[in-house]
Amino acid sequence: MLISRKPSPFLWAYRAYVLAFFIFLAAPLVAAGTFAFNDSLFPALPWQGFTLDWFFNDTEPKLGMFHDRRLLRGLYYSFVIAGFVAALSVFVGTTNAFLFVRGDFPAKNALYILMIVPLVIPGVILGISILVLASDTANYLERTIDLELEFLRPGIFLVVLGQFSFVTTITSLVITARLKKFDASMEEAALNLGATRARVLRTITLPFLRPAMIAAGIVAFLVSFENFNTTLFLVGSEAPLTITMYDRMAKVGSTPVLNAVSFFLIIGSGALALISILVQRDKTDR
Amino acid sequence: MTITPAYDLECIDIAKSFGDFRAVKDVSFTIPSGSFFSILGPSGCGKTTLMRMIAGFETPSGGDIKIKGASVLGTPPNKRNVKMVFQHLALFPMMNVYENIAYGLRCKGVSNDEIKLKVQDVLERIALPDVGHREIHQLSGGQKQRIAIARCMVLDPDVLLLDEPLGALDLKLREAMKIELKLLQHQFNTTFIYITHDQSEALVMSDHVAIMNEGRFEQIGTPQELYHRPNTSFVASFVGDSNRWSGKVADSDGTGGKVRTEQGLDMAFSAAAGQTISTGSEVDIFVRPEFIRTIRENDPAAAISDGDNRMSGIVDSLLFNGANSRVLVRGWSGELIEADVILTGTDDLAPGEKVDLVWSPAQAMCFEKTGAA
Amino acid sequence: MTITPAYDLECIDIAKSFGDFRAVKDVSFTIPSGSFFSILGPSGCGKTTLMRMIAGFETPSGGDIKIKGASVLGTPPNKRNVKMVFQHLALFPMMNVYENIAYGLRCKGVSNDEIKLKVQDVLERIALPDVGHREIHQLSGGQKQRIAIARCMVLDPDVLLLDEPLGALDLKLREAMKIELKLLQHQFNTTFIYITHDQSEALVMSDHVAIMNEGRFEQIGTPQELYHRPNTSFVASFVGDSNRWSGKVADSDGTGGKVRTEQGLDMAFSAAAGQTISTGSEVDIFVRPEFIRTIRENDPAAAISDGDNRMSGIVDSLLFNGANSRVLVRGWSGELIEADVILTGTDDLAPGEKVDLVWSPAQAMCFEKTGAA
Amino acid sequence: MQQKDIKRLTLYLLFAPFVLWIFLLILLPHIGMVILSLREKIAPRVYEFGLGNYIDFINEPIYWNTLLRTGSMSLLVTALALIIGFPIAYYIAKIAGNRSRGGLFLLCLIPLWVSDLIRAFGWILLLRETGVISTFLLSYGIIETPIEFLYNDAAVVVGLVYTVILFMIVPLVSTLDGMDNSMIEAGYNLGGNSFTVMRRIIIPYAMPGIVSGCIVVFMLTAGSYLTPILLGGKNSSWFTEQIYDQFITRFNWESGAAFGFLLLAFTSIVIWLGLKLSGQTLANTVAKS
Amino acid sequence: ETLRLLTWGSYAPEELVQKFEEEYPDIDVEVTFSNNEEMIAKLRATGGAGFDLAQPSHDRIHAAQLEYDIYKPMDLSKIDTDVMSPSLLEGVKANTTIDGEVYAVPHQWGTSGLMADKSVAPDFAGWDDLCDPQYKGKTSMRLKRTILLGTAFAMGEDPFAAYADLDKYQEILDKVADKLIECKANIKAYWKGGDDLSAMMLSGEIVASETWDSTAYKLFNQNENIVFVPPKTGALAWIDTFALPRKAKADDAAYKWINFVLRPENVTIMSASTGAIASVKGAKDLLPDDKKAAVNAAFTDADIDNLKFFANIPPGVEDMEGKTLEKIKAATGG
Ligand SMILES: Nc1ncnc2c1ncn2[C@@H]1O[C@H](COP(=O)(O)OP(=O)(O)OP(=O)(O)O)[C@@H](O)[C@H]1O
Ligand SMILES: Nc1ncnc2c1ncn2[C@@H]1O[C@H](COP(=O)(O)OP(=O)(O)OP(=O)(O)O)[C@@H](O)[C@H]1O
Ligand SMILES: [Mg+2]
Ligand SMILES: [Mg+2]
């Protein structure tokens, strides 16, 4: 090994550096999470004592997150949006994977690069470009044929589309990687054993892809859940949680209830991430 | 009038082109019921393509394939009663052993009770009665192999195709599985078609072997026929080891005569069965190492028949390998010749010693050079 | 006083533990200059660990390693003049062939002109003079192999270590590279230490072979010694094929006697060199297939010496493999015995025939059972 | 033949979602944005085609200064992320034991799943004058008076590095993981010292991962909004903030679109230059991770 | 049905929303927090759809409506205009009448001004004191148009008057920019929301700042030393209004909400949340006690007379102001 042979002080310094790095990683999250339990109206020092009010209290001014209808509604919209985004992007990710792994068509490489591009377009620009196109289209239709297409106006639909536009790249990459590992002779074996094509897809190919689809779905869900830049421009009256929290912070004033939500999200997404990794490390990985 | 067909599988002038490239060229053969038939050929010669046509994954560009006497050209792969064991087995990792074996039966719509019986039965026949609940990754390489065969055999196929199924196994296991496969075929008494590029696999297991080269069958025969009486120079060089000389026939009575090799050596030969070789033609001569005797120069004890070829040289090196040891002898014109020897550690040949190599003309297989070769 | 050391490499009681696990146990050996030394052992026996200690990637838990007579324990790997060819070669994919070979020279600070000369020289010696500008992925398996060796040899190492370098190659290429490696070693005249678990590789190429098992050297010797005069039952079974019986000594004069096998067969044996086996001890007996003659029952032509062991059985199957054909004979107590036969296609043995198996007591290698085995 | 028709049809069916996605959600909006950016606002509800928005941009040093500033800070953040992240990735891929590796990797990922907002919020709590760090230092007597760590460029850089470093580490770990240890050992065996091995073997080998990580990190940084806004001080303007201002507070979609296009073009050029300099392509870096 | 409010943070206190929903069980209230610019931006993007009631300030309606056509006229007959303070109602009507149609009615009003911690900055009185070197590093402001206007007044200009002559206005802006750039070194940070302002003020990181009066009132509750300071040149006063987006779908519910929040008992709840004063008659008495105390601590009658109400922003001014703000932000200093 590169290191094992080295004098151990170097290794110790290296380990210390790694430890420091993980402290750096954890610090803001721990800070954000910890202040959820501070018995104070402001998420700041000094420490006023431990409380669970910011989770469970049901009266102002210390309205806990589980009684704060707006936060809960934001949470609900976040779930709805993330659910749609995950479902859609996993679906398109799967078709893309089949397209690029199995398909044979001109300009495949160029199109493959085009598929990656959304990942590197700044989220803000994705948001505004979609906003501009959607509202110009809606305005045009309204002006010319007096057709009002409400779904082209900022709202859940556009938010879902906006997030979908770059999340799909992620899901496509994840599922493509898995499909590339798939031994196509497995499908032939199933055919050979008498299965119809539909049955092969249902019993062999999709089950093989399932771990990747689940993992991609979770990633898509989380990315959608935490997305801010793209959503900011496309959101209508149904604001997801990040936007609600941002509005709270920038326009109303934050209370430790935001820390409580953060704590809740850190734990929740940590658990989801864990699941996604466990699923990926599925036994069928060989 | 119902005639039970004599052959499980017949291929008639079957051909396959990929674009301009002709991967399989007018191959015809028939396989009698219940036999173990191997197709042996170098990598890329078209073996897999041929097999995939039989299984229905490729459509032939020409010719006909008959299974049990009926053409299957129009039958989709999932309707043909030809099962296939894939090179990497293609067991389904998301199902356990039981489900893997049951898969084909479920596709057929067999009832659950019957499936249970049949799966248990086939597991017993491959001597793995208790692995049904195991996951695929819990099996050893040899066990996987057997499950892959069981998965096909449970469907009672007319023909079982095996595409280099031992390719992925390690050396020791491969040796063991060779024998096992042959026993399994006896057990099921089904026609096996076995593809390989490893000659020892083909020779050891098969009733009949077809040697394939560049999309064509060069020879079909029993292992012994191929080894001892090859029809073409390709077969002679591909099956078994041999020393090879090129030369020109100096004198021939049609079935035997004398050749002068490129190195200037005179050599007596007898032509391969059915060939006539005329004086003046360019030929390749093959002599297997086990038919060359190495004797110490001027060893009085050595008994040499009169007609035997004889050549002197110097021992270059000894390749000790137990019963398969070889000696490399450098002939006077510089070529290296391999001969089998027995090295016991006492009174062996040593590098640098002068030796004579001796072999009978009957073991010198001679083939006229074809234009292309 | 300068004495040129007799040995390129000496290992003295070298040991390595990983935590509680002792991977290498007090191994000592010396390797004379310019020889081809192999370490042969089953997977996981500690071969790689031993080699990594020589190269300096692991620190021994005990013992000493001397290169050209000087201990290298304190020398970091990049300062040891011991080069290594890795199992997967570890050629640098981001450099071309020239840069791969030049890498070590650059590390030494050799001038560009000299590098050019040396690289060209070594490329010529491995018979690949024109591949300098190629990328690694443009080489064939065998070429890569040779480049990996050239990369080390250009640095003029005292010892070249090779860790199963043929493991990743396919069958045919492996056969060819075996001979090539030996020729390269002659070429460079450097000490090669070759690790493998494939006995035929070790036997064919090496001057000396060490048989390693569970972290220990069981025997060091020439290939012939190991094959014909194994010291332990592990060596006898690991090197070459053999039939094995277990039994109890019924009668012994110390160096030979009679054993009654578990199947109830009486067998004469002679103990391996240096062993004394006393009456009543449990033993393993090994007989190699090539020393067993198979004769048709009651064949009057067969010449049987008086003391020979003899056993009757029925031919179970014939494994035709050219010069290496075998017959499987089922003895009367049910065990399968392998014997070499020559199958010519005419008048061969056939399954079901009754035969006698005959071998001399001198070929029945007998070892006392150790407690663990 | 029928078989062929089915194949065709399947291909078209698979193509449909891809085309709908790329064309309707990526290409068309960007084309629309470019067209919008070419409209000049003359008077209320009166527009004219022209390059006015771009000319405005060029004439106004504030804008391109901000763009350059955003670009250079993004490069700085990218470089820092690489320098800080590489040893970590190396540790995870090559030094950590098999068991701890998965755990460490997971630890690396967890912050990735928490929104920007919460991360920035956490940093605010830590860095502000009366925040955790300042108070901590004060109570241990290391500093005399509270120190403001927030509201300056350093805070922005710290926050951004924190936000993006995971995107650097992940591709690095996966490329380094794919590197055979024996490659490193061969480097030493042939006489290289630690420095040579690092420079000639490890870094060239990890280059695709490095480039891929740098591209993603650079793009994310240049396109980030919340972190620079929330952590930045009086002088720290960020280009996305100006885009937002054009759109939201000045209702000037036309020039906002122009700005958006400029940001995209600018970052694309930087990345193109980076790829050229490192001799990599988009397909063998980002596509692989 | 759903009533989708597009309003300011705290303009829809939970208590009030619940009360409203109890009274009208079939109406579901959904609130989106916003500010003046975002309201226009959002409604522009939606073409006036997506929300049923918006609450922009009185000066931000006229130009936006002309340019983007995002509101629809109000039916005053459905609103209890009687309860409204007539002067405010007339003022808003005057500001938001286009082609004879009224587009907004007043809701609450408040001021922007200064706040200071009297215990450490007792003499703090005018916009320009933010730049007073004695408070170096201890003041804050929001980099928005309010501070431009305030500074202009402090420099003796009348920016609202200059709206008619944009060249003149640009001159003023340039002067203001120079002043604010110079002042930059004095500022600790620009605040972006009530949140960071409160945090800085309460923790003592700053001693004085530009502020919304409501934020100051809130802080007064926490710390009696922190009071709102109407600048000596006059606090800037705004009136937040009710306006109907052009494609609002729940007009009835919107009118119900308007009437509901103008009821005296609800006014108190609203003011408790917002800190602003409702545009109903006798609104000051309807303030909750703590707010009343804060207002009294801040304003004298003279201060109220001195209020400067925001004037309608003519088209183009936003761009000029935006550029000026960017210039200040980008300038190096401090
Ligand atoms: N789908 C295809 N398109 C074009 N060429 C093909 C295709 N499949 C096979 N070939 C070509 O046909 C030839 C025969 O291939 P095939 O796979 O049958 O060889 P093989 O004998 O099975 O070799 P191996 O022992 O390596 O498996 C090869 O040259 C191969 O390149
Ligand atoms: N770093 C290590 N930590 C713990 N155990 C180890 C380590 N390296 C090797 N071992 C153990 O030491 C034993 C010997 O390993 P080694 O790699 O030397 O075997 P080998 O003879 O080279 O086998 P193979 O032929 O499979 O390469 C094995 O049981 C292995 O599990
Ligand atoms: Mg093949
Ligand atoms: Mg090893």
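Proteins come first, then strands; the chains are lettered A, B, ... in the order of their sequence lines, and each starts at number 1.
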With sequence neighbours left out, write down each residue that passes side-chain hydrogen bond (donor to acceptor under 3.5 Å, both in side chains) with A:Ser224, or none if nothing qualifies. A:Gln163
Residue A:Ser78 versus chain D: region with a heavy atom under 4.5 Å: neither
Considering only heavy atoms and a distance below 4.5 Å, find which of D:Leu14, D:Leu11, D:Leu27 pairs most often with chain A. D:Leu14
Interface residue of largest heavy-atom contact number with chain D, from A:Val30, A:Thr169, A:Thr34, under 4.5 Å: A:Thr169
Whether D:Lys94 side chain and D:Met179 backbone form a donor-acceptor pair below 3.5 Å: yes
Counting heavy-atom pairs closer than 4.5 Å to chain D, which one of A:Val92, A:Ile130, A:Leu232, A:Ile128 comes out on top? A:Ile128
Examine distances only and state if a side-chain atom of D:Trp21 and a backbone atom of A:Ser165 form a donor-acceptor pair shorter than 3.5 Å. yes
Contact class of D:Ile165 relative to chain A, heavy atoms under 4.5 angstrom: side chain
Between A:Thr94, A:Asn96, A:Val124, which shows the greatest number of heavy-atom pairs under 4.5 Å with chain D? A:Asn96
Contact origin within A:Leu241 toward chain D - heavy atom pairs under 4.5 Å: neither
Is a donor from one side chain sitting under 3.5 angstrom from an acceptor on the other, for A:Thr231 and A:Asn227? yes
Ring centers of A:Tyr17, A:Phe21 separated by less than 6.0 Å: no
Chain D contacts, top residue of A:Ala134, A:Pro122, A:Ser129, A:Ala32 (heavy-atom pairs, under 4.5 Å): A:Ser129
With a 4.5 angstrom heavy-atom cut-off, which part of D:Ile243 approaches chain A: side chain, backbone, both or neither? side chain
Top contributor to chain D contacts, counting heavy-atom pairs under 4.5 Å, from A:Leu126, A:Val117, A:Leu114: A:Leu114
Taking side chain as everything from C-beta outward and backbone as N, CA, C, O, which of these in D:Leu28 sits under 4.5 Å from a heavy atom of chain A? Side chain, backbone, both or neither. both
If we ignore hydrogens and angles and just use 3.5 Å, is the side chain of A:Lys108 paired with the main-chain N or O of A:Gly103 as donor and acceptor? yes
Do any N or O atoms from the side chain of A:Ser262 and from the backbone of D:Ile118 form a donor-acceptor pair under 3.5 angstrom? no
Side chain / backbone / both / neither for A:Phe228 at chain D, heavy atoms under 4.5 Å: side chain
Would you check if there is a donor-acceptor pair between the side chains of A:Thr244 and A:Asp247 at a distance under 3.5 Å? no
Among the listed options D:Leu36, D:Ile84, D:Thr267, D:Leu13, the residue most often paired with chain A at heavy-atom distances under 4.5 Å: D:Ile84
Side chain, backbone, both or neither: which part of A:Thr137 has a heavy atom under 4.5 Å from chain D? neither
Chain D contact via A:Phe164 - side chain, backbone, both or neither, heavy atoms under 4.5 Å: both
Heavy-atom proximity to chain A below 4.5 Å, by part of D:Ile26: side chain
For A:Asp104, is it the side chain, the backbone, both or neither that has a heavy atom under 4.5 Å from a heavy atom of chain D? backbone
Using atom types as modelled and distance alone, determine if a side-chain donor or acceptor of A:Thr171 lies under 3.5 Å from a backbone N or O of A:Ser89. yes
Under 4.5 Å heavy-atom distance to chain A, tell me which part of D:Val34 shows up: side chain, backbone, both or neither. neither
Of the listed D:Ile22, D:Leu226, D:Leu264, D:Thr240, the one with the largest count of heavy-atom pairs under 4.5 Å with chain A is D:Leu226
Chain D contact via A:Phe105 - which portion, at a heavy-atom distance below 4.5 Å: side chain
Given the rule in the ring pair (Phe, Tyr, Trp, His ring centres under 6.0 Å) test, do A:Phe263 and A:Phe37 qualify, once you have shown the distances and angles that lead to the verdict? CA-CA 10 Å; A:Phe263 180 80; A:Phe37 303 98; 5.1 Å; yes
Is it the case that the side chain of A:Lys180 and the backbone of A:Val101 share a donor-acceptor pair, with hydrogens and angles ignored and the cut-off at 3.5 Å? no
Please state whether the side chain, the backbone, both or neither of D:Leu230 comes within less than 4.5 Å of a heavy atom of chain A. side chain
D:Phe247-D:Trp253 aromatic ring centre distance below 6.0 Å: yes
D:Tyr188 and D:Ser194: side chain donor to acceptor below 3.5 Å: yes
Between D:Pro87, D:Ala222, D:Pro17, which has the largest tally of heavy atom pairs under 4.5 Å with chain A? D:Pro87
Okay, D:Leu166 and chain A: the region with an atom under 4.5 Å from a heavy atom over there is side chain
So which part of D:Leu107 gets closer than 4.5 Å to some heavy atom of chain A, the side chain, the backbone, both or neither? both
Listed by chain and number, what are the salt bridge (charged side-chain N to carboxylate O under 4.0 Å, His left out) partners of A:Arg102, not counting sequence neighbours? A:Glu187
